Structure formats: C-alpha cells, structure tokens
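Below: the structure, in structure tokens.
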Amino acid sequence: MKFFLDSAMTDEIKHALEMWDIDGVTTNPRHVQVSGKPFMNVIMEIADIFAGTDKPISVEVNPHLDDWREMVAEGKKLAALSPNFVIKLPAGEAGFKAVFELAAADIKSNLTLVFSAAQALQAMRMGAAYVSPFIGWKESNGEEIIHFIDEVTTIRNNFGFDTEIIVAAARNARQITNAAVSGADIVTAGMPVFKDSFDHPYTDVGLGKFQSFWDDTPYE
Ligand code: E4P
C-alpha cells in the first residue's frame, strides 16, 4: 500500500520522503494557504523535491471554476509545469467531464471531494487516474466509512478500472488500517496522523522495561 503525505509544507514533505519513503503528495487549497506561500511558488517547490522521480503530486485547480473547459485549460497549464503533477478536480458533472478530456490528452487527474461510491464510479468511468473518497470528513459527519471504502474498491475491482483509490483525510491509525484491509491502493494523511500511527504507547512501555532488564544484566 502506498502512503501519500497530505501537505504543502516543504519541510514536512522532505522529512516524510527521507524518513518514510512516501510515495507521493496530495495538496489542496487549505494546505497551500497554511504553507504561507503563493500557490505557484509552493507547487513548484514541491515539484523540485520530487524531480527525477515518478511520484505523483496532486495539485488542485481553482475551486471557483465550474466550467469543464476552464478546468481542462487550467489542468493542462498545471500539467505542463511538472511531469509529477496530477490534476485534482472536484467531483461533479463538470469535474468528471474535465477528467475525461484530460485523460484524452494523457493528463492524470485525481477526483477529490468524493463522498459516495456512485461519484467514485463515475470518476473511474471517465478515466480518472486517482479517486479520493474523503473518509475523515464523512466519519466526522456521523457516517460510516468501512462499507464506503469497501464499495469503492469492489466497484473498481469488479470492472477492472485502472483508477487508483486514495483513501483521503484519514485521521488515525484505525482508518489507515481500514483502508489497507479494504484493498485501497493509497492512503493520504497529514504528518501527525502518520507519526502517531507509527507509535504505540505499549511500545514505549515495553522499551522502558527492556531497558531496565538490560541495565540489570552484565553484558559479558
Ligand atoms: C486529500 O487529497 C485532501 O487533500 C485531504 O485529505 C483533505 O482533507 P483535510 O485537509 O481535511 O485533511
């Protein structure tokens, strides 16, 4: 399973690449705003970090666009800037059509803000390279997520779509595990979520105990 870092902070991205060998990055307008840098500057800095690799970087089109032709035009402009860029488009009729046109131009897209399996299905039909079911937001809204991820992966597998499933907005180790068990290809999460998922309080407790035994035992 692949891990993408959901961030536009270049220090976080560099750390996650060096220490965790992350497989890609997803950005969104919130992450770019948090970076404190202009959109173009930050996406090009991320592109530089991944230059020479085949790791994808999702960059989102202007979220105010509601015309598929404008989405395609912006997608083509962004895709020309880096071979790593994947064009992030909102689920919806215009976004789906834009995916179709970008796929025809050999440009990869990632359908974002996906909250139903039917939306994921249409993204796959239209040629999306990636589809991002947002599980964290859904669960915060009181909706179940395990069946949701299962449905999306089952649909993809039933029909042999090439689309990779990015389980997005994962908030904890349990959700990362749910995504992996369901057979999703990728999970994207923020740095604190991954960091927490690599730890367990009992690991620390156990290490402390082993250190005591070690200290009480002669080495030779
Ligand atoms: C995924 O591609 C999105 O960028 C992300 O998961 C959105 O959720 P968040 O910013 O609330 O984590």
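One-based numbering, in listed order, for ligands and for the atoms of each. Both backbone and side-chain heavy atoms feed into the values below; hydrogens, waters and symmetry mates do not. Just so it is clear, the structure is predicted and the values come from calculations on it, not from any experiment.
- The ring of Trp68 has its center no closer than 6.0 angstrom to the ring center of Phe96.
- Under a 4.0 Å criterion applied to the non-hydrogen atoms of Asn28, ligand 1 contributes the atoms 3 (C), 4 (O), 5 (C), 7 (C), 10 (O).
- The cationic group of Lys138 lies under 6.0 Å from the six-membered ring centre of Phe148 and within 45° of the ring axis, placing it in a cation-pi geometry.
- Where the criterion is an N or O separation shorter than 3.5 Å, residue side chain and backbone included, Ser132 fails it with respect to ligand 1.
- Some N or O of Trp137 is nearer than 3.5 Å to an N or O of ligand 1, by distance alone.
- Heavy atoms of Asp6 come nearer than 4.0 angstrom to ligand 1 in at least one pair.
- Under 4.0 Å is where a charged nitrogen must lie from a carboxylate oxygen, and between Asp204 and Lys209 no such pair does.
- Interface atoms of ligand 1 facing Lys88, defined by a heavy-atom separation under 4.0 Å, are 1 (C), 2 (O), 3 (C), 4 (O).
- Distances below 4.0 Å separate heavy atoms of Ala168 from the following atoms of ligand 1: 1 (C), 6 (O).
- Looking at Arg156 and Asp185, a side-chain N of the basic residue comes within less than 4.0 Å of a carboxylate O on the acidic one, giving a salt bridge.
- Listed by atom number, the atoms of ligand 1 under 4.0 Å from His31 heavy atoms are 4 (O), 10 (O).
- In the model, Gln122 has a side-chain atom that pairs as donor or acceptor with a side-chain atom of Arg125 under 3.5 Å.
- In terms of polar-atom proximity, Ala169 is counted as a contact of ligand 1, with an N or O under 3.5 Å from an N or O of the ligand.
- Residue Arg30 has at least one heavy-atom neighbour below 4.0 Å for each of these atoms of ligand 1: 9 (P), 10 (O), 12 (O).
- For the residue pair Thr112 and Ser132, no side-chain donor N or O sits within less than 3.5 Å of a side-chain acceptor on the partner.
- Salt-bridge check for Glu45 with Lys37: passed, with a basic side-chain N closer than 4.0 Å to an acidic carboxylate O.
- At under 3.5 Å, not a single nitrogen or oxygen of Thr188, backbone or side chain, sits near a nitrogen or oxygen of ligand 1.
- Taking every heavy atom of Arg171 and a limit of under 4.0 angstrom, the matching atoms of ligand 1 come to 9 (P), 11 (O), 12 (O).
- Across every non-hydrogen atom of Met9 and Val34, the tightest pair is SD-O, 4.1 Å.
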